[in-house]
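Reviewing the structure listed below.
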Amino acid sequence: MNDHVLVINAGSSSLKYSLVDASTGKAPAAGLIERIGESQGRHIHRGPGGEAEHTASIPTHEDALRAAIDAFGTYGPSLAEVEIGAIGHRVVHGGSRFAAPTLVDDEVIAAVTDLVPLAPLHNPANLEGIRVARRLFPQLPQVAVFDTAFHQTLPPPAYTYAVPLSWREEHGVRRYGFHGTSHAFVSQEAARLLGRDATNVNVIVLHLGNGCSASAVEAGRSVETSMGLTPLEGLVMGTRSGDIDPAVPAYLSRKLGLTAEEIEHDLNSASGLKGLAGENDFRELARLRANGDEGAGLAFDVYCHRIRKYVGAYYAVLGTVDAVVFTAGVGEHSPEVRAASLRGLERLGIVLDNDRNVARSTEARRISTDDSEVSVFVVPTNEEWQIAREALGLVRSRHGD
Ligand code: AMP
């Protein structure tokens, strides 16, 4: 039985790939190709024999995928020997159309193309990855796994913005939510750690990476999430503002004569931790804060305050909470953020165990006290594994195996 999936995440000038065993999550090989289309590209391939790095001109995404195939041939494992069962593509925006992983055909490509206005930076690159993989692996089923799909279970009161009907009906203005593969994976892991079925637990997931989002997952279904029409809304992120008064752009446009594009750029790329402290990498921010940098101290406080506010809000949305789960770069590695974000929530039944919180580990683990009513977990996210499972699950169900 062939359980391997080649997972592809194509960005505008990058291509990440990972060969994943969908049944175990083990990845015998993975790679990253950067600076596609620039004079000097970079390719890192990690396989059974170690890691290899090359620099060379990689003009197109097709050249990038060919380089990946060559690297499998040179450094292993041989793609012919592992026999891939499917190719799984990460696609950022599936709009209201895609609530589940989807087998790619021309009609799906047309539908994802129609969604480009909602994700102008991401969907075109994801589509390019799909087109190239279809050309180079015509015999394999290609499956699109959407970042938005897990949140398609949001009920209308959670996804509806209180804006004019024509915006909502004609222009798709609503909450979609993102990081869905991560929220799905992590909430299932929380259920596993609790020893219960996912349909039997309520979880608040805090995905804190470069991008940050929270979700409320009730009985295995996402019922609230912090990102919206785009990944700009919600928590404070590395370079994104998260929530602000929606009147701010118009105010700045009148006051400074900034265009919509300039304001959008600043909210996406010059805000968040970077806007507050001049630094978007959390490790560097932590170092500055430890050295007494005031901006870094404020940035940390704003970041954690926003998380705590969402935990409270999602607690109210769910009514009963079985677990709060931290994941992604900051969530998995910063005990300071975890402690500050949950401080003072003991009356809600959330009690951290300090020793467990600061203990280093790469495993999924409990960091709450044994008698904390709500369990708090750290779960390393694994979006590639989730994409592989979903892609292979779909292909198998089609074949009836
Ligand atoms: P991600 O998007 O999940 O890769 O997360 C990236 C973020 O995680 C960056 O802000 C990193 O600085 C942060 N991060 C990674 N490792 C650590 C660490 N050991 N301690 C604190 N933050 C970390």
Side-chain angles (χ1 to χ4, degrees), residues 1-11 14-33 43-48 61-62 64-73 75-92 94 98-105 108-109 112 122 125-150 179-186 188-189 192 379-401:
M1 181 70 79
N2 168 17
D3 282 337
H4 285 80
V5 174
L6 182 64
V7 176
I8 293 181
N9 182 356
S14 68
L15 188 132
K16 264 197 235 169
Y17 59 91
S18 187
L19 182 68
V20 182
D21 181 337
S23 57
T24 63
K26 291 211 165 65
L32 169 64
I33 298 166
H43 181 180
I44 299 173
H45 181 90
R46 180 183 51 72
H61 283 75
E62 180 155 343
L65 192 55
R66 281 189 198 284
I69 295 168
D70 288 348
F72 277 107
Y75 304 104
S78 152
L79 289 183
E81 277 163 31
V82 273
E83 287 183 36
I84 303 169
I87 299 196
H89 295 271
R90 178 189 181 218
V91 179
V92 165
F98 296 104
T102 304
L103 219 44
V104 173
D105 57 19
V108 168
I109 291 193
V112 175
H122 293 104
N126 303 153
L127 278 165
E128 186 56 17
I130 291 175
R131 286 196 197 96
V132 164
R134 283 180 104 197
R135 278 202 293 276
L136 299 189
F137 295 97
Q139 75 287 9
L140 287 179
Q142 314 273 336
V143 179
V145 178
F146 298 90
D147 257 25
T148 47
F150 183 61
H179 290 147
T181 11
S182 178
H183 287 277
F185 179 83
V186 164
Q188 287 162 18
E189 280 292 289
R192 187 182 63 76
V379 174
T381 194
N382 194 334
E383 290 163 275
E384 286 80 13
W385 188 13
Q386 183 71 15
I387 291 174
R389 287 202 292 218
E390 293 191 12
L392 202 64
L394 176 66
V395 169
R396 293 250 165 96
S397 70
R398 290 295 172 101
H399 290 154
D401 357 328

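As a basis for the values below, the full set of heavy atoms in this structure was taken, side chains included, without hydrogen atoms, waters or symmetry mates.
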(request) Taking all heavy atoms of A29 and all of F72, pick out the closest pair and write down the distance. (result) CB-CE2, 3.6 Å

(request) Could you grab the distance from atom CG of L6 to atom CD of E384, nearest 0.5 Å is fine? (result) 11.0 Å

(message) With heavy-atom distances below 4.5 Å as the criterion, would you say the side chains of V104 and I109 are in contact?
(response) yes

(request) Determine the minimum heavy-atom distance between L15 and A64, stating which atoms define it. (result) CB-CB, 4.4 Å

(message) Can you confirm whether V145 sits close enough to V91 that some side-chain heavy atom of one is under 4.5 Å from a side-chain heavy atom of the other?
(response) no

(request) State, with a plain yes or no, whether a side-chain heavy atom of F137 is found less than 4.5 Å away from one of V132. (result) no

(message) Evaluate H179 against F150 for ring pair (Phe, Tyr, Trp, His ring centres under 6.0 Å), listing each step before the verdict.
(response) CA-CA 9 Å; H179 290 147; F150 183 61; over 10 Å; no

(request) Determine, step by step, whether R90 and D147 satisfy the side-chain contact (heavy atoms from CB on, under 4.5 Å) criterion, reporting the C-alpha distance in whole Å, the side-chain angles of both residues, the deciding distance to 0.1 Å, and the verdict. (result) CA-CA 7 Å; R90 178 189 181 218; D147 257 25; 2.7 Å; yes

(request) Answer yes or no: is there a side-chain heavy-atom contact under 4.5 Å between I33 and S14? (result) no

(message) Nearest 0.5 angstrom please: I387 CD1 to L392 CG, how far?
(response) 13.5 Å

(message) Please check this pair: side chain of H45 against backbone of G76, looking for a donor-acceptor N/O pair closer than 3.5 Å.
(response) yes

(request) For the residue pair L65 and I8, establish whether any side-chain heavy-atom pair is separated by less than 4.5 Å. (result) yes

(message) Testing the basics here: between V108 and D105, what is the closest heavy-atom pair and its distance to 0.1 Å?
(response) N-OD1, 2.8 Å

(message) Using every non-hydrogen atom in the two residues, find where S182 and T381 come nearest and quote the distance to one decimal.
(response) OG-OG1, 2.8 Å

(message) If I compare all heavy atoms of P101 with all of V143, which pair ends up nearest, and what's the gap?
(response) CB-CG1, 3.9 Å

(message) Salt bridge or not between K26 and D3? Use side-chain N to carboxylate O under 4.0 Å.
(response) no

(request) Check whether any side-chain heavy atom of V112 lies under 4.5 Å from a side-chain heavy atom of F146, and answer yes or no. (result) yes

(message) Whether the side chain of N126 engages the backbone of V92 through a donor-acceptor N/O pair (distance < 3.5 Å, no angle test) should be reported.
(response) yes

(request) Consider only side-chain N and O atoms of H4 and E83, and report whether a donor and an acceptor are under 3.5 Å apart. (result) no

(request) Could you tell me how the ring of F185 sits relative to the ring of W385: parallel (under 30°), tilted (30 to 60°) or perpendicular (over 60°)? (result) tilted

(request) Could you pull out the closest heavy-atom pair between V5 and A391, with the gap in Å? (result) CG1-CB, 4.3 Å

(request) To the nearest 0.5 Å, tell me how far R134 CZ sits from Q139 CD. (result) 13.0 Å

(message) With side-chain contact (heavy atoms from CB on, under 4.5 Å) as the criterion, how do I69 and L136 come out once you've worked through the C-alpha distance, each side chain's angles and the decisive distance to 0.1 Å?
(response) CA-CA 9 Å; I69 295 168; L136 299 189; 4.0 Å; yes

(request) Classify the angle between the aromatic ring planes of Y17 and H43 as parallel (below 30°), tilted (30 to 60°) or perpendicular (above 60°). (result) perpendicular

(request) Decide whether Q142 and R131 meet the rule of one side-chain donor and one side-chain acceptor closer than 3.5 Å. (result) no

(message) What I'd like to find out is whether the side chain of R389 reaches to under 4.5 Å of the side chain of Q188, using heavy atoms alone.
(response) yes

(message) Taking the side chain as everything from C-beta on, heavy atoms only, tell me whether E390 gets closer than 4.5 Å to L394.
(response) no

(request) Ignoring hydrogens and angles, tell me if any N or O in the side chain of S18 forms a donor-acceptor pair with the backbone of V20 under 3.5 Å. (result) no

(request) May I ask you to decide if L127's main-chain N or O and H89's side chain share a donor-acceptor pair within less than 3.5 Å? (result) no

(message) Is there a side-chain contact (heavy atoms from CB on, under 4.5 Å) between L140 and I84? Walk through the geometry before answering.
(response) CA-CA 8 Å; L140 287 179; I84 303 169; 4.0 Å; yes

